Amino acid sequence: MSHLSTALLLVPDFALILLGYALCRFTALKRDVWESIDRLVYFVLFPVLLFHSIVRQPIDVGTAGPVWAAGALVAFSGIALAYSLPWWPGWRGRVDPRDHAGAAQIAFRFNSFIGLAVVDRLLGPAGVQVLALLMGLFVPLFNIAAVWPMARASGGAVGRELLRNPLIIATASALILSLLGFTLPEWLAPTTARIGAAAIAVGLMAAGAGMQWGSLMQGRRLSAGLLSIRHLALPIVAVGAAWWLQLDALQATVLMVFSALPTAGSAYVLAARMGYNGPYVA
């Protein structure tokens, strides 16, 4: 497959973001409409999407060990780097704490649908199964890690915020059920798949509607740090993890894709619904 056809996998997502931006700026569908759409995505569409993605097939713990170990090195490196960014030399005292709390998730969360599409084209069903193992464990972890700094900075009860967050409830329950061998009934799978497809489309449009380019320019230092973690530091960690744990070629390729994917489309929705700088995150 050519590099061009691989890159074209991203075109639909960027088109949806631009469509949301245009609809909010140039039509009658102004910000008040998109606030209601944000709530729909956050409380209904994205939780169903995450649940469906994880429980589509049971997780085989026996074959998951080395891949999970390598994924854990990437995941915890991303979380640690994102959390520590305000104390880096050159960043200390120059990062807005609330912007960092809302946007830290950009550095470690990933777009699972782009990942699944890329891996399926590169490696086929065997690669998709390996990526599903990573998703099943780290989607819940990343959602908790995304909520944690926002809940703590808000001064509320962090545990309560985590326990009632719909994305965490969906991913944690799906992981437990998947480990127990649960799979979606055939009669229910088409419905949840369609809701998941709607979540991606509507969520990306909502992210576009929330974009304000000025806020990105105000946080250039924070943006540079978070994107450097996401697309430079984590792939380097993945190379080291694949070598150290002696992953085979298929596992190593999936790990590299996992380490360098664009961030999750739900990042904007989560930040906006928790009262943080959604336009900056978008």
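Please read these numbers as outputs of a predicted model, since none were measured by experiment.
- Linking ILVMFWY residues whenever their side-chain heavy atoms come closer than 4.5 Å, directly or via other members, leaves Met256 and Leu123 in distinct clusters.
- Smallest separation of non-hydrogen atoms from Pro166 and Phe43: CG-CD2, 4.0 Å.
- Taking all atoms of both residues into account, the shortest heavy-atom contact from Ser173 to Ala170 is OG-O, 3.1 Å.
- Distance OG1/Thr253 to CZ/Phe258: 15.0 Å, rounded to 0.5 Å.
- A distance-only check finds no donor-acceptor pair linking the side chain of His52 to the backbone of Thr192 [under 3.5 Å].
- Of the possible polar contacts, none joining the Arg230 side chain to the Pro262 backbone as a donor-acceptor pair under 3.5 Å is found.
- Not one N or O on the side chain of Tyr276 forms a donor-acceptor pair closer than 3.5 Å with the backbone of Ala103.
- Going from atom CG of Leu81 over to atom CZ of Phe76 covers 13.5 Å, rounded to the nearest 0.5 Å.
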Exercise for the section: Output, in order, the C-alpha distance, side-chain angles, deciding distance and verdict of side chain to side chain contact (heavy atoms under 4.5 Å, CB included) for Phe138 and Val74. Expected result: CA-CA 10 Å; Phe138 296 114; Val74 174; over 6 Å; no
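- Ile176 and Ile144 fall into different hydrophobic clusters, where Ile, Leu, Val, Met, Phe, Trp and Tyr are joined by side-chain heavy atoms under 4.5 Å apart, directly or via other members.
- Side-chain polar atoms of Ser36 and Arg39 form a donor-acceptor pair below 3.5 angstrom.
- Under the 3.5 Å distance criterion, the side-chain polar atoms of Arg221 are matched with a main-chain donor or acceptor of Gly90.
- Both Leu261 and Phe14 are members of a single hydrophobic cluster when ILVMFWY side chains are connected at heavy-atom separations under 4.5 Å.
- Using a 4.5 Å cut-off on side-chain heavy atoms (C-beta onward), Leu45 and Leu40 make contact.
- By the side chain to side chain contact (heavy atoms under 4.5 Å, CB included) test, Leu247 pairs with Pro66, Ala70, Ala242, Leu245, Gln251, Ala252, Leu255, sequence neighbours left out.
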Handout entry: side chain to side chain contact (heavy atoms under 4.5 Å, CB included) assessment of Asn143 paired with Val147
Key = CA-CA 6 Å; Asn143 279 319; Val147 171; 5.6 Å; no
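- Under the 4.5 Å side-chain heavy-atom criterion for Ile, Leu, Val, Met, Phe, Trp and Tyr, Leu19 and Val33 are members of the same hydrophobic cluster.
- With rounding to the nearest 0.5 Å, the separation of CG in Leu226 from CD1 in Ile106 is 7.0 Å.
- Considering only heavy atoms from C-beta on, Trp34 comes within 4.5 Å of Leu23 through its side chain.
- Between Met274 and Ala151, the closest heavy-atom pair is CE-N, 4.0 Å.
- Inter-residue side-chain proximity for Gln105 and Leu270 is flagged as met; some heavy-atom pair is nearer than 4.5 Å.
- Here the CG-OG distance, from Leu234 to Ser77, works out to 7.0 Å after rounding to the nearest 0.5 Å.
- A donor-acceptor pair is defined here as one N or O able to donate and one able to accept, closer than 3.5 Å; no such pair exists between the side chain of Gln246 and the backbone of Trp243.
- Tracing side-chain contacts under 4.5 Å through hydrophobic residues (I, L, V, M, F, W, Y), one reaches Leu177 starting from Trp187; they form part of the same cluster.
- Between Val41 and Ile37 there is a side-chain heavy-atom pair separated by less than 4.5 Å.
- Not a single donor-acceptor pair under 3.5 Å links the side chain of Arg94 to the backbone N or O of Leu222.
- Applying the side chain to side chain contact (heavy atoms under 4.5 Å, CB included) rule to Ala82 yields the partners Ala104, Ala107, Phe108; only residues at least two apart in sequence or on another chain are considered.
- With a 6.0 Å radius and a threshold of 12 heavy atoms from other residues, nucleotides or ligands, Arg194 has its CZ atom at or below the threshold.
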Practice task
For Val202 and Leu16, run side chain to side chain contact (heavy atoms under 4.5 Å, CB included): C-alpha distance rounded to whole Å, both residues' side-chain angles, the deciding distance at 0.1 Å, then the answer.
Solution key: CA-CA 8 Å; Val202 178; Leu16 288 170; over 6 Å; no
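- The shortest heavy-atom contact between Leu73 and Ala241 is CD1-CB, 3.8 Å.
- Panel note: side chain Tyr83, backbone Ala145; a donor-acceptor pair is recorded below 3.5 Å.
- Counting only heavy atoms from C-beta outward, the side chains of Trp91 and Pro86 never approach each other to under 4.5 Å.
- Using a distance-only test at 3.5 Å, with no hydrogens or angles considered, no donor-acceptor pair links the side chain of Ser178 to the main chain of Ala174.
- In plain terms, the two heavy atoms of Arg109 and Ala146 that are nearest each other are CD-CB, 3.8 Å.
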Practice task
Walk me through it: do Phe110 and Ser259 pass the test side chain to side chain contact (heavy atoms under 4.5 Å, CB included)?
Solution key: CA-CA 8 Å; Phe110 63 95; Ser259 71; over 6 Å; no
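- Closest heavy-atom contact between Tyr280 and Ser223: OH-OG, 2.8 Å.
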